[in-house]
Amino acid sequence: MGRERLSAKLNHLREEKEKALVSYLLAGYPEKETSLLAFRKVLEGGTDILEIGFPFSDPVADGPTLQEAHDVALRKGTKSRDVFEISSKLREEFKDVPFLLMTYYNPMFKIGLERFCKLSKYSGIDGFIVPDLPAEESKELKVYTEKNDLALVMLASPTSNERRLNLICRTTDCMTYFISITGTTGTRDSLPIESLRKNVERYRKSCEKPVVVGFGISKGEQASQIAEFSDGVVVGSALVRLLKEGSLEKLLEKVVELKSSLKFCKNSDK
C-alpha cells in the first residue's frame with residue numbers, strides 16, 4: 001500500500017482528533033529476536049507509525065544512545081536481510097500501521113536504489129526517512145520510490161529558510177519530519193517549546209502537508225506540548241534506552257504514556 005497506508009493513517013488520526021506517535025527502534029538491537037519482540041511491544045502500546053532503524057556504521061545524525069545501538073546491532077551480525085525479515089513478520093501481524101525505514105543513504109546506494117526499494121516494498125515497508133539525503137539530491141531515489149509507491153519523508157530543521165521549506169514540501173511525501181533542535185538525536189530534559197512553535201508555524205505557511213516533530217522528546221508532557229501545534233511526535237532514543245535496560249514492559253508503559261498524551265490536543269481541528 002505504501003504511501004496510501006501512510007496517508008490513510010494521518011487522515012484517520014485527524015478525524016479522531018488525535019496526533020501521531022511515531023516510534024523508533026533499531027532492527028537487530030540488542031539482537032534480532034529481542035528487537036522483534038520490542039517492535040511488537042511498541043505497536044501493541046499504540047504506536048501509530050513505526051520507524052524501523054537500519055543499522056549503519058556511521059550514523060552521523062544520531063546521538064550516543066543510538067550510535068551505541070547501531071554498533072551493537074552490527075557487532076551482533078545484523079544484515080539487511082534481517083531488517084527486511086523483521087519488517088515482513090511485523091507486517092503479517094499489523095496490517096494497517098505504516099512502516100517507515102530510517103536508513104542512511106550509503107546502505108541504499110550499496111545495495112542499489114532500485115533493488116533496495118523493491119526489497120522494502122516486498123517486506124511491507126511503506127517509505128523511507130533518509131537523514132543524510134537533502135531534498136536537492138533526492139531526484140534519483142524518488143524515481144524508484146514513486147515507481148514502488150513508497151513515501152520519501154524529508155526532514156526540515158530550525159535553520160531551514162522559506163525557500164528550503166518550499167523545496168522540502170514539494171519533495172516530501174505525505175508528511176514532513178521537523179527536527180526540534182540542531183544537533184543529534186537524544187533525550188532532553190527540556191525543549192525550546194516556544195521557538196519550536198514558531199518554527200512549525202513558519203513551516204505551515206510554506207506547506208499544508210502534516211508535520212511531525214522529533215529529536216529530544218522523551219516524556220508525555222513534552223509530547224502533549226508539541227502536539228498542540230504539530231501533527232505528531234517522533235520518539236526514539238528514550239525507547240532505545242529503555243530497551244537497553246532490558247525491560248519490555250517499561251517500553252510498553254512508555255509508549256502507552258506517550259500515546260495517551262496525544263489524544264484530544266488543543267489544536268485537534270488542524
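Values below: all heavy atoms of this structure, side chains included; hydrogens, waters and symmetry mates excluded.
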Where the side chain of [X] meets the backbone of [Y], is there a donor-acceptor pair that is under 3.5 Å apart?
{"X": "Glu16", "Y": "His12", "answer": "no"}
{"X": "Ser237", "Y": "Thr65", "answer": "no"}
{"X": "Thr47", "Y": "Val42", "answer": "yes"}
{"X": "Lys259", "Y": "Gly46", "answer": "no"}
{"X": "Asn166", "Y": "Arg163", "answer": "no"}
{"X": "Thr172", "Y": "Cys169", "answer": "no"}
{"X": "Thr78", "Y": "Ala73", "answer": "yes"}
{"X": "Ser261", "Y": "Leu258", "answer": "yes"}
{"X": "Glu221", "Y": "Ala223", "answer": "no"}

Considering only heavy atoms from C-beta outward, does the side chain of [X] approach that of [Y] to under 4.5 Å?
{"X": "Glu245", "Y": "Leu242", "answer": "yes"}
{"X": "Leu239", "Y": "Ser23", "answer": "yes"}
{"X": "Cys174", "Y": "Val153", "answer": "no"}
{"X": "Arg197", "Y": "Glu228", "answer": "yes"}
{"X": "Phe56", "Y": "Thr103", "answer": "no"}
{"X": "Gln225", "Y": "Lys219", "answer": "no"}
{"X": "Phe229", "Y": "Leu196", "answer": "yes"}
{"X": "Asp62", "Y": "His70", "answer": "yes"}

If you look at every heavy atom in [X] and [Y], which pair is closest and at what distance?
{"X": "Glu140", "Y": "Tyr105", "answer": "OE1-OH, 4.2 Å"}
{"X": "Gly77", "Y": "Asp82", "answer": "O-OD2, 3.7 Å"}
{"X": "Arg91", "Y": "Lys95", "answer": "NH1-O, 3.4 Å"}
{"X": "Ala27", "Y": "Ile86", "answer": "CB-CD1, 4.0 Å"}
{"X": "Val72", "Y": "Pro30", "answer": "CG1-O, 3.7 Å"}
{"X": "Tyr104", "Y": "Pro59", "answer": "OH-C, 3.2 Å"}

Seminar exercise, completed: Between the CD1 atom in Ile129 and the CG atom in Leu101, the distance rounded to the nearest 0.5 Å is 9.0 Å

Exercise. With Asp126, which of Lys9, Arg3, Arg5, Lys121 fulfils side chain to side chain donor-acceptor pair (under 3.5 Å)?
Worked result: Arg5

Exercise. According to a 4.5 Å side-chain heavy-atom criterion applied to Ile, Leu, Val, Met, Phe, Trp and Tyr, with indirect links allowed, do Phe94 and Leu50 form part of one hydrophobic cluster?
Worked result: yes

Exercise. Would you say Leu165 and Val211 are hydrophobically clustered, going by side-chain heavy atoms of ILVMFWY under 4.5 Å?
Worked result: yes

For this session: Could you walk me through whether Lys244 and Glu68 pass the salt bridge (charged side-chain N to carboxylate O under 4.0 Å, His left out) test, one step at a time?
Result: CA-CA 10 Å; Lys244 179 183 178 180; Glu68 180 186 12; 3.0 Å; yes

Exercise. Will you find, in the side chains of Arg164 and Asn161, an N or O donor that is under 3.5 Å from an N or O acceptor?
Worked result: no

For this session: Verify the distance criterion only: is there a donor paired with an acceptor across the side chains of Asp71 and Tyr29 at less than 3.5 Å?
Result: no

Problem set entry | Ring centroid separation Phe116 to Phe128 under 6.0 Å | yes

For this session: Just jot down the side-chain hydrogen bond (donor to acceptor under 3.5 Å, both in side chains) partners of Asn11, sequence neighbours excluded, or say none.
Result: none

Exercise. Less than 4.0 Å between a side-chain N and a carboxylate O, is that true for Lys147 and Glu114?
Worked result: yes

